[in-house]
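Scroll down for the structure; my scribbles are underneath it.
Atoms within each ligand, like the ligands themselves, are counted from 1 in listed order.
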Amino acid sequence: MQIPGHIDPVTTGTVPLRRGNRVDLVGLTREGIRAALEEAGLDAKAAKLRSKQIWHWIYHRGVTEFDAMTDIAKAMRPWLTERFIVGRPTVVTAQVSTDGTRKWLLAAADGQEYEMVFIPDADRGTLCVSSQVGCTLNCRFCHTGTMRLVRNLSAGEIVGQVLLARDALGEWPKGTMASTADIDDEDDDAGHYTADGRMLTNIVMMGMGEPLYNFDEVKGALKIVMDGDGLALSKRRITLSTSGVVPMMARAGEEIGVNLAVSLHAVNKEIRDEIVPLNRKYGIEELLAACAAYPGANNARRITFEYVMLKDKNDSDADARELVRLIKQYKLPAKVNLIPFNPWPGAIYECSSPERVRAFSNIIFESGISAPIRTPRGRDIMAACGQLKSAATKPSRAELDRIAEEKQAALG
Ligand code: SAH
Ligand code: SF4
């Protein structure tokens, strides 16, 4: 089938919604929960009330059993349990890095596996969420890019990662109150997360997959994550990273409205064509023009350009100066995030030396543009940027080249 919200002709498997004959309510809109309850036999008024209560229990309280939903009539709880579930992905493995970064390998109801990473910092905690199992693209420096796209994750599977992280971090509000009256004062700023001492404060769509090739499900999931009567994360604390799916960028800004990160990685056609092959379809000029038009980008909310530092490939002083020139030419409210290349078995690149990365960063800073160097996190458990991959089998070099060729052919 065609990927929903997808603009390129890449086929993928289907997304299962039901477990057994019970419907998983995670990932449905409020309206979707209401409709599911009505379809199961509740009258319109009851369905509306119950959907509101259930939503609150799922997303504000983290409850997975209808029996624990104490403001729902006792007699109704078994009726719900027979027909619905509040699902979670299955945890296959959970690892903790020496630097505190955590990585989970998760399995969906159909057994497909994907990874999720939590990166704790002094002032924030960032959850790195996957949008696809595998990826249709094959950026040459990315481990996920060596996988085929197996399928898109559903909205439920995407938001399920956030719910699971909250479970694992023990961060659901305590207490027994059941009514919506006990919601914190949820304004647009989720500052109270840190004030509450919560660890999970930020979300980045930077796990496995290209989020803009799974637009509808990513949008559905992020709408839920941002909903005030629930997880209530501010759009300012969410960042979506794209390798440059130009036709979907304006919609991402208008319909989702989160911060944008763009995986630029090179400043001329020859190199970007090689390392981010999507560039052959949507070139640098088109991409930067789409960034300039990105709704909501301004000096207070800058676009982040991600730039992986590859030795002797994209890391010269001239590259840094060209990057500055391009940002200025397109008048972009931008910052640059320099990512030291994270190695993985079979990778054909090396990371630039620390001195080279520093020199590159300095040139950009000197032009007045912020260009911090990202500290690699979780490398020891293969949890750093670009190291995620879920298939147990490791393809050979020849197999990798064949996958790359297939993907290139699909790009046209
Ligand atoms: N598919 C999206 C988001 C996931 S990747 C995208 O490409 O933007 C998150 C970031 O990690 C991207 O900027 C990606 O280019 C970068 N990355 C991939 N492989 C890497 C590696 N081996 N080392 C460092 N960064 C890498
Ligand atoms: Fe896919 Fe992003 Fe990896 Fe490129 S960098 S292969 S778009 S996950």
Next item on the list: Just need the protein heavy atom nearest to atom 19 (N) of ligand 1, so name the residue and atom and give the distance.
Entry: Gly386 CA, 3.0 Å
Next item on the list: For the residue pair His143 and Trp344, categorise the inter-ring angle as parallel (less than 30°), tilted (30 to 60°) or perpendicular (more than 60°).
Entry: parallel
Margin query: For Glu255, I'd like to know if atom CD has over 12 heavy atoms of other residues, nucleotides or ligands within 6.0 Å.
Written below: yes
Check: Can you tell me which residue and heavy atom of the protein come closest to atom 5 (S) of ligand 1, and the distance to 0.1 Å?
Finding: Met206 O, 3.8 Å
Margin query: What protein heavy atom lies closest to atom 7 (O) of ligand 1? Include the residue and the distance to one decimal.
Written below: Ser263 OG, 3.5 Å
Checklist line | NZ or CZ of Arg61 within 45° of Trp172 ring axis and under 6.0 Å | finding: no
Next item on the list: With heavy atoms of Glu210 as the reference, note each atom of ligand 1 found under 4.0 Å away.
Entry: 1 (N), 2 (C)
Check: Would you call Asp99-Arg379 a salt bridge at under 4.0 Å N-O?
Finding: no
Check: Could you give all pairs that pass the salt bridge (Lys or Arg N to Asp or Glu O under 4.0 Å) test and reach residues 292-305, with sequence neighbours left out?
Finding: none
Notebook entry, point to check: Taking only heavy atoms of Val308, which atoms of ligand 1 are found under 4.0 Å from at least one of them?
Noted result: 23 (N), 24 (C), 25 (N)
Next item on the list: Mind checking whether His143 contacts ligand 1 via backbone (N, CA, C, O), side chain (CB onward), both or neither, at a 4.0 Å heavy-atom cut-off?
Entry: neither
Checklist line | Criterion salt bridge (Lys or Arg N to Asp or Glu O under 4.0 Å) on Glu306 and Arg374, from CA distance to verdict | finding: CA-CA 10 Å; Glu306 293 160 284; Arg374 196 181 285 174; 3.8 Å; yes
Check: Nearest to atom 17 (N) of ligand 1 by heavy atom, Phe305, Phe141, Tyr349: which?
Finding: Phe141
Margin query: What protein heavy atom lies closest to atom 26 (C) of ligand 1? Include the residue and the distance to one decimal.
Written below: Cys385 O, 3.6 Å
Next item on the list: For ligand 1, find out whether one of its N or O atoms is nearer than 3.5 Å to an N or O atom of Gly209.
Entry: yes
Check: Got a sec, which residues hit side-chain hydrogen bond (donor to acceptor under 3.5 Å, both in side chains) with Ser131, two or more places apart in sequence or on another chain?
Finding: none
Notebook entry, point to check: Does a sphere of radius 6.0 Å around NZ in Lys48 hold more than 12 heavy atoms from other residues, nucleotides or ligands, not counting ones at 6.0 Å or beyond?
Noted result: no
Next item on the list: Measure from the ring center of Phe141 to the ring center of His265 and say whether it is less than 6.0 Å.
Entry: yes
Checklist line | Location of contacts on Asn342 toward ligand 1, heavy atoms closer than 4.0 Å | finding: both
Item checked: Arg151/Glu157 ion pair, N-O < 4.0 Å -> yes
Checklist line | Set of residues that line ligand 2, where lining means a heavy atom lies under 4.0 Å from it | finding: Cys135, Leu137, Cys139, Cys142, Gly145, Gly209, Ser243
Notebook entry, point to check: Quick one: side-chain hydrogen bond (donor to acceptor under 3.5 Å, both in side chains) partners of Glu38, sequence neighbours excluded?
Noted result: Arg34
Item checked: Side-chain ion pair, Arg140 and Glu274, N-O less than 4.0 Å -> no
Check: Which one holds for Thr242 and ligand 1: side chain close, backbone close, both close, or neither close, with close meaning a heavy atom under 4.0 Å?
Finding: backbone
Notebook entry, point to check: Taking only heavy atoms of Trp344, which atoms of ligand 1 are found under 4.0 Å from at least one of them?
Noted result: 22 (N)
Check: Between Ile85 and Phe66, is any pair of side-chain heavy atoms under 4.5 Å apart?
Finding: no
Item checked: Atoms of ligand 1 close to Glu306 [distance to a heavy atom under 4.0 angstrom, numbered from 1] -> 10 (C), 12 (C), 13 (O)
Item checked: Arg356 bridged to Asp317 by N-O distance under 4.0 Å -> yes
Next item on the list: Would you mind finding which of Ser241, Gly207, Ser130 brings a heavy atom closest to atom 4 (C) of ligand 1?
Entry: Gly207
Item checked: Element-labelled atoms of ligand 1 that are located less than 4.0 Å from some non-hydrogen atom of Ile339 -> 24 (C), 25 (N)
Next item on the list: Among all protein heavy atoms, pick the one closest to atom 15 (O) of ligand 1 and tell me residue, atom and distance.
Entry: His265 NE2, 2.6 Å
